Protein chains: 2
Amino acid sequence: MAPPRDALSHDRVLQAALALADAHGLAALSMRRLGAELGVEAMSLYRHVSSKEALLDAMVDAIVCGWIDPSADAPKDWRERLGAIMHRAHAAMLARPWSVELITVRPRVGDGRLRYAETVTTALLDAGFSPQLAHHGLHIVDGTIMGFTAQQARRPTAVALGDRVQSLYEGSLVDEYPGISRTIREHHDHDEEYALMVDLVIDGLARLRDGEPPRRTGLGADYALAIS
Amino acid sequence: MAPPRDALSHDRVLQAALALADAHGLAALSMRRLGAELGVEAMSLYRHVSSKEALLDAMVDAIVCGWIDPSADAPKDWRERLGAIMHRAHAAMLARPWSVELITVRPRVGDGRLRYAETVTTALLDAGFSPQLAHHGLHIVDGTIMGFTAQQARRPTAVALGDRVQSLYEGSLVDEYPGISRTIREHHDHDEEYALMVDLVIDGLARLRDGEPPRRTGLGADYALAIS
DNA sequence: CATCGATAACTTACGGCGTAAGCATACAGT
DNA sequence: ACTGTATGCTTACGCCGTAAGTTATCGATG
């Protein structure tokens, strides 16, 4: 006969969870509602998912996995390889604003995250980075993707949040915040800005590899050893 | 007589909330428990805080406010000014790991966030950045602080999460993840790495100001206009 | 064909959550 | 002394995640 019934499965639950979050936001993702979406009671989900936490972790991993372009791990220039993954990640996260919250916070490492890390690390090693510097590079790329995207994903809604920002636009807070008042009206395109940041970071990494460390501020820990 | 009773107040609630999160984590911060901590029923808090959301926003703002050094807005070198705020922010967030989740996600802009933005923006404008570039610079600094710190704050717990990462350390996944296997054992100091990132970013900004844009990858949007 | 074991889904229940609505108390200003 | 107002308390509602126990379905076996 057919498979048991409608065959609930880990993957079906996962996909439904992604769809639900896409449609109604992360806050709307409760086990009860997810069950309803699948025509099933909440508790039935626990047959396929050990806890909600585990489900969220699986969602994160599925998304991160999408950062890697499966078609082309081609031997392009390392800058292009890094840039490509950073732009894919950015696009993927902005397409699912709710994912930012999940990804920036969850420590769990799954296959998706590992494959992503492997891709970045390999690109750097292939480009002649030392293991030490490749390690730093991964974290730098990681932080750039998430921080920058988080900050952009957060911004849109800020427009609607009222008097303070509104006043800034109207210029009525010039005395209190002269700097922001001057810059707040600047043209602002997320993708442009991100492209700029990406190139800035990649360029900085290249310089590190070539032994041209950035000019030092006297602040923070000494990283002399890190780039020797 | 004495003030009404023990004089609950917005500030007392806020401080208690910060203390509670510090002591037991963000998940433990419920209105009921917060009330208990203050010797009061949950609902009494709503006299001073309009909702839990508002309270969380206030917590964020209080923390961000601490990123600015109140003593010295001195006319130091702009690199030092920027570096100082970035390191203060980093330290403040790592001291309160739970704050990362809040700050990276909440769009609300309060006075603290505005004062922080003003400080960064002013430093850039004073250094001769165009308003356009100062605007980008603020976002770049913002994203760097949050992304990098988020990524570091998330890492510690990752150690305890089991077989996958463990296996990597033991080298039993060399075939599947050769790159990571080579780099994962590298020495790793959060502060060093962050100092490196900070200098890299500041250096990149300086270069932009001086009209030496980074080498371009052909990816993402065109930012020619942004740095003209 | 009758029976059984396993599997998948359902039911019930518990303790906790944020907060709306209404009530009691105690003070300050007249 | 009286009254308005601020402050905190009580109750209640509808959500949440999930532990524990119950039922229905199905393929394999005698």
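Each chain gets a letter, A, B and so on, in the order the sequences are listed, and its residues count up from 1. Everything numeric here is computed off the predicted structure, so don't read it as measured data.
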Without decimals, in angstroms, what is the distance between B:Arg12 CZ and D:dT7 C1'? 13 Å
Would you check, one step at a time, whether the test side chain to side chain donor-acceptor pair (under 3.5 Å) holds for A:Arg33 with A:His24? CA-CA 11 Å; A:Arg33 174 131 187 211; A:His24 300 100; 3.2 Å; yes
Between A:Asp69 and A:Ser71, a side-chain donor and acceptor under 3.5 Å: yes
For a quick test of reading the model: is some side-chain N or O of B:His48 closer than 4.0 Å to OP1 or OP2 of D:dA6? no
Can you build the contact string for nucleotides 15-20 of chain C? Use B for base contact, S for sugar-phosphate-only contact, and - for no protein heavy atom under 4.0 Å. --BBBB
Is it the case that the side chains of A:Tyr223 and B:Asp199 hold a donor-acceptor pair, with the cut-off being a distance below 3.5 Å and no angle test? yes
Tell me which pairs pass salt bridge (Lys or Arg N to Asp or Glu O under 4.0 Å) where either residue lies in residues 179-188 of chain A, with sequence neighbours left out. none
How many Å lie between CD on A:Glu41 and C1' on D:dA20, as a whole number? 16 Å
Residues that A:Phe129 engages under side-chain contact (heavy atoms from CB on, under 4.5 Å), provided they are two or more places apart: A:Trp78, A:Leu124, A:Ala127, A:Leu133, A:Ala134, A:Leu205, A:Arg209
Within a reach of under 6.0 Å around CZ of B:Arg88, are more than 12 heavy atoms found that belong to other residues, nucleotides or ligands? yes
Length of the CG-C1' vector between A:Leu45 and D:dG17, whole Å: 12 Å
Examine D:dC9: is either OP1 or OP2 under 4.0 Å from a nitrogen or oxygen in the side chain of B:Ser44? Give yes or no. yes
Once you round it to whole Å, what is the distance between P of C:dC23 and CZ of B:Arg47? 14 Å
